[in-house]
**Q** 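Before anything else, here's the structure in question.
Starting from 1, each residue takes its place in the sequence as its number. Counting starts at 1 for both ligands and their atoms, following the listed order. Only a predicted model underlies this, so the values are computations on that prediction, with no experimental measurement involved.
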Amino acid sequence: MDAVSAHARTLDEGNPFAARRGRFRLPDGVIYLDGNSLGVLPAAVPERMRQVVETQWGESLIRAWNEHDWIDLPQRVGDRIGALIGAAPGTVTAGDSTSINVFKMLAAALSLRPERKVILSDNGNFPTDLYVAQGLRDLLDKGHELKVVAPQEVEAALDDTVAVMMLTEVDYRTGRLHDMAGLTRKAHAVGALTLWDLAHSAGALPVDLGGAGADFAVGCGYKYLNGGPGAPAFLYVAPEHQPRIAAPLTGWMGHEAPFAFDLDYRPAPGVDKMRVGTPPILSLSALDAALDEFDGVDMAALRAQSVSLSELFIAEVERRCDGLELVSPRDHARRGSQVSFRFEHGYALMQALIDRGVIGDFRAPDVVRFGFTPLYLSHEDVLRACEILEDIVATRSWDQPRFHKRAKVT
Ligand SMILES: *Cc1c(COP(=O)(O)O)cnc(C)c1O
């Protein structure tokens with residue numbers, strides 16, 4: 001064993017999450033560095049799904065809404081996610097997609113600042129957030145402007161025209177981490193509200209929405225939270241805003257008394273008014289079971305492991321591979337739980353890696369992206385991935401027609 005392998009093994013000996021790996025179903029021969037895009041299947045999920053489908057749905061049928069308390073599942077799952085992101089009970093609800101939740105939260109936030117017209121965001125934001133803002137701006141037709149600046153220019157762009165500062169905490173492409181507490185404070189100083197997208201934060205690093213004083217937040221269930229493809233998303237409304245905001249999508253599940261079947265809409269109190277239609281019980285149940293894997297997890301310890309895995313990856317890739325340029329911040333304090341490199345033939349390189357069992361993903365135009373998920377990843381995995389990457393780059397084995405052929409999903 002060489003010195004680097006010995007080092008990786010030593011690091012793994014101190015891994016507080018080593019025992020959790022067996023609670024995830026990792027296919028043989030796969031090193032999965034894409035838990036930031038679609039989390040791995042937790043071993044407890046299939047059994048929970050079987051039980052919910054066969055017993056709850058199959059036998060209890062409609063009675064399950066009460067007998068198995070399906071009706072309150074969005075709040076229960078919401079509170080469990082809330083515990084991971086510094087949100088008090090009763091401030092988070094699970095459901096819909098992140099895109100829809102951006103729409104709901106942005107509309108609610110804008111209605112609290114009717115005299116202001118600017119939505120401030122940055123060009124590192126995930127496109128769906130910007131698309132939704134553009135659609136909402138056009139739908140409202142009240143003269144709103146979506147102002148998109150470079151991430152490092154957000155602070156300077158904050159002034160008294162800004163209604164809402166809408167940012168994603170961790171840049172999906174580069175992994176750059178915004179200072180949530182600092183930017184929230186500065187936004188509030190000019191009277192703006194904040195909407196944070198936690199798609200690449202929840203379950204990846206410590207988040208303290210309450211401590212930061214964030215106004216609104218949204219995030220994904222299928223990335224670091226491992227809720228499965230298309231898992232329900234979540235949204236957060238700070239307690240002080242709950243009585244003041246109006247829901248833009250006034251469906252019956254956000255009504256104060258859905259089963260009164262009144263003809264007129266009356267909002268439910270609290271965050272529940274942001275619910276819209278019937279909750280997706282099967283996928284909420286899968287997400288609920290997946291969240292068991294975070295029970296007892298100290299997010300600070302998880303962050304320390306994530307940093308350690310990422311630092312090893314960066315050091316080894318830079319030592320072994322020519323032509324790969326780090327696009328993530330080098331300072332781990334300014335980085336989320338992913339590392340990205342630029343490579344001219346990034347798409348083909350990623351296909352060649354996947355062919356050898358190292359799964360990351362590609363983001364146009366030339367970025368290869370790797371996520372680090374300490375609950376099921378070891379330093380030895382990271383080292384092995386670097387060895388395979390080194391071999392592919394050195395031999396140019398990525399340069400084959402089959403690796404250049406673009407699929408629909410990258
Ligand atoms: C992944 C991601 C989304 C995805 O939104 P969906 O509605 O679930 O497709 C939204 N925002 C950010 C920042 C993301 O990274």
**Q** One residue to check: T98. Relative to ligand 1, which of side chain, backbone, both or neither has a non-hydrogen atom less than 4.0 Å away?
**A** both
**Q** Parallel, tilted or perpendicular: which one describes the rings of Y32 and Y376, with boundaries at 30° and 60°?
**A** tilted
**Q** Check D129 against ligand 1 and report side chain, backbone, both or neither, counting heavy atoms closer than 4.0 Å.
**A** side chain
**Q** Ignoring angles and geometry beyond distance, decide whether D197 reaches within less than 3.5 Å of ligand 1 through its nitrogen or oxygen atoms.
**A** yes
**Q** Could you pull out, from R173, E169, H200, K223, the option with a heavy atom nearest to atom 14 (C) of ligand 1?
**A** K223
**Q** Taking 4.0 Å as the limit for heavy-atom contacts, which would you say applies to S99 with ligand 1: side chain only, backbone only, both, or neither?
**A** both
**Q** Which atom names give the shortest non-hydrogen contact between V118 and K147, and what distance separates them?
**A** CG1-CB, 3.9 Å
**Q** Nearest 0.5 Å please: distance from the CE atom of M180 over to the CG atom of L167.
**A** 9.5 Å
**Q** Strictly by modelled atom types, are H68 and S60 linked by a side-chain donor-acceptor pair under 3.5 Å?
**A** yes
**Q** Without hydrogens or angle criteria, can the side chains of D215 and H188 be said to hold a donor-acceptor pair below 3.5 Å?
**A** yes
**Q** Heavy-atom contacts with A199 under 4.0 Å: which atoms of ligand 1 show up? List them by number with element.
**A** 2 (C), 12 (C), 13 (C), 14 (C), 15 (O)
**Q** Under 3.5 Å between some N or O of ligand 1 and some N or O of Y172?
**A** no
